[in-house]
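Working notes, structure below.
Positions are given from 1 along the sequence. Note that ligands are numbered from 1 as they come in the structure, with each ligand's atoms numbered from 1 the same way.
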Amino acid sequence: MERFAPLLEAWPGEHVIIRFDASTGAWIFIAIHSSRRGVPTGGTRYRVYARPDDGVEDALRLAAAMTLKWAVAGLPRGGAKAVIAAQLGLEREEREGLMVRYGELVDSLRGGFQTGPDLGTTSLDMDLIRRRTGYVSGHSRSLGGAGDPAPFTALGILFGLRACVEHVFGSDRLAGRSVLVQGAGSVGGALIDLLKRSSAVVVATDADPERRASLAASGITVVEPEEAYDQPCDLFSPCAVGGVLDERTIPRLRCRIVAGAANNPLASPEDARRLEQRGILYAPDFVINAGGAIALVGMEHMGLSKMQVEERLRGIGATLREIFSRAKSEGISAEEAATRLAQERLAQPIERDAS
Ligand code: PHE
């Protein structure tokens, strides 16, 4: 736990709420990065970490990425994220109790933080949180929520992949393109379905051996997690945890494009340069994976229909095209071009939604 203090002190955000849930041994971190453009909003991640410090670090990085995500998506929200760093193997009732208590914590912030699903949580968790607070999105449709945002995230990724393929190969057709999907959870799984419908050649991997077996049973080519980096493909699509691309894995990639749903897939900012030096196009995560965020705020707070949301998701492809051409003309990486775009938007006057 000795890294808590230096991590928090070096962080350029606003504040962090830390709660230790004694009955389950879980740590809860709510990182509020920025309230400048609106209510700090971000998903709740549920994960087992080697050390609680790793959970804090994840929360801080994820919250900062949310600020950029909202700015590029043009939505009046601020960046935030929550991480529940849980113990391994909680019983169902223990986890449910934890979620309800977490809902109380969120409610105690009186609208200073709005949450929704993220890696390791689903609409059912949001329903539990909702027993204690209204500051939650992505709860079940039967309870008036927008439901699982994952299919929207996946659709946004699909539009983004088309823009990438067009930039590299001159046509946005995915038919016949090979895509390695790393992580077949709620977003990765939905993306695999969309890719199959586009006649792309899908190879998948997942950290969970049972999930790998069921993917294989459904006719998808499956590789072991560690083999994924060496797999020849057109696109490598990280759709699970962050920090997977670093000085060890980037030299092994045999793809032309890295574009996926994972937040913070690059271990460090230098990894954007490493990819560029290898001639690999990188779609900045906070641009391409904004579909879920856009859908939740769009449907629950702006009254957009599913079709209007889909139209906005198409915009992810347009934004990426703009970023790629800016990167080219300014001689910078796509990651830098996207960060500049976000910073320009952050500096603009704010238009708030009704929520
Ligand atoms: N967790 C998803 C993301 O990182 C979707 C989400 C966005 C959930 C905003 C809640 C709030 O974009």
Side-chain angles (χ1 to χ4, degrees), residues 29-35 37-47 58-84 99 102-103 106 109 111-127 129-130 133-140 145-157 160 183 185-188 190-191 238-243 260-265 283-302 304 309 312-313 316 319 338 342 353 355:
F29 309 106
I30 305 179
I32 308 294
H33 182 259
S34 168
S35 56
R37 294 187 80 252
V39 177
T41 306
T44 297
R45 174 164 295 202
Y46 183 100
R47 221 188 131 182
D58 217 10
L60 301 182
R61 287 191 70 194
L62 290 162
M66 282 308 301
T67 299
L68 301 177
K69 194 181 299 190
W70 293 123
V72 172
L75 291 169
R77 294 281 166 156
K81 201 90 170 197
V83 161
I84 301 179
M99 284 295 166
Y102 168 64
V106 170
L109 305 176
F113 171 60
Q114 167 101 29
T115 197
D118 192 71
L119 193 138
T121 57
T122 65
S123 290
L124 296 177
D125 294 307
M126 300 308 118
D127 296 349
I129 296 166
R130 201 165 178 87
T133 186
Y135 300 111
V136 59
S137 306
H139 44 298
S140 298
D148 181 13
F152 294 99
T153 311
L155 186 60
I157 302 288
S186 37
V187 179
L191 180 63
C239 292
V241 295
N263 283 304
N264 304 328
D285 56 338
F286 57 87
V287 180
I288 194 170
N289 74 14
I294 293 170
L296 287 185
V297 169
M299 294 201 288
E300 290 189 22
H301 298 276
M302 295 165 72
L304 300 187
V309 167
R312 282 204 173 220
L313 299 186
I316 290 175
T319 306
D353 68 2
S355 62

Using a 4.0 Å cut-off to any heavy atom of [X], which atoms of ligand 1 qualify?
X      : result
Asn263 : 4 (O)
Leu296 : 8 (C), 10 (C)
Gly43  : 8 (C), 10 (C), 11 (C)

With a heavy-atom distance limit of 4.0 Å, tell me whether [X] approaches ligand 1 through its side chain, its backbone, both, or neither.
X      : value
Val297 : neither
Phe286 : neither
Met66  : side chain
Leu119 : neither

- Item | NE2 on His33 to CG on Leu62, rounded to 0.5 Å |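 Rounded to the nearest 0.5 Å, the CG-NE2 separation comes out at 11.5 Å.
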
Is there a polar contact between ligand 1 and [X], counting only N or O atoms under 3.5 Å apart?
X      : answer
Lys69  : yes
Lys81  : yes
Asp118 : yes

- Message: Minimum heavy-atom separation for Leu60 and Ala31, please, with both atom names.
- Response: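 Shortest heavy-atom separation between Leu60 and Ala31 comes out as CD2-CB, 4.1 Å.
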
- How far apart are the closest heavy atoms of Pro117 and Leu296, and which atoms are they?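 Scanning both residues, the minimum pair turns out to be CD-CD1, 4.0 Å.
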
- Item | side-chain hydrogen bond (donor to acceptor under 3.5 Å, both in side chains) partner of Thr115, the single match among Thr44, Asp125, Thr133 |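 Result for side-chain hydrogen bond (donor to acceptor under 3.5 Å, both in side chains) with Thr115: Thr44.
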
Please check: side-chain N/O of [X] versus main-chain N/O of [Y], any donor-acceptor pairing under 3.5 Å?
X      : Y      : answer
Thr153 : Gly292 : yes
Arg45  : Gly120 : no
Asn264 : Gly242 : no

- Might you work through the side-chain contact (heavy atoms from CB on, under 4.5 Å) test for Thr121 and Met126, ending with a clear yes or no? CA-CA 8 Å; Thr121 57; Met126 300 308 118; 3.6 Å; yes

Does [X] reach ligand 1, in the sense of a heavy atom lying below 4.0 Å from it?
X      : answer
Arg77  : no
Gly138 : no
Trp70  : yes

- Just go through Ser137, Pro149, Ala150, Pro117 and tell me whose heavy atom is the nearest to atom 6 (C) of ligand 1.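 The option holding the nearest heavy atom is Pro117.
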
- Derivation of the side-chain contact (heavy atoms from CB on, under 4.5 Å) call for Tyr135 and Val39: CA-CA 10 Å; Tyr135 300 111; Val39 177; over 6 Å; no

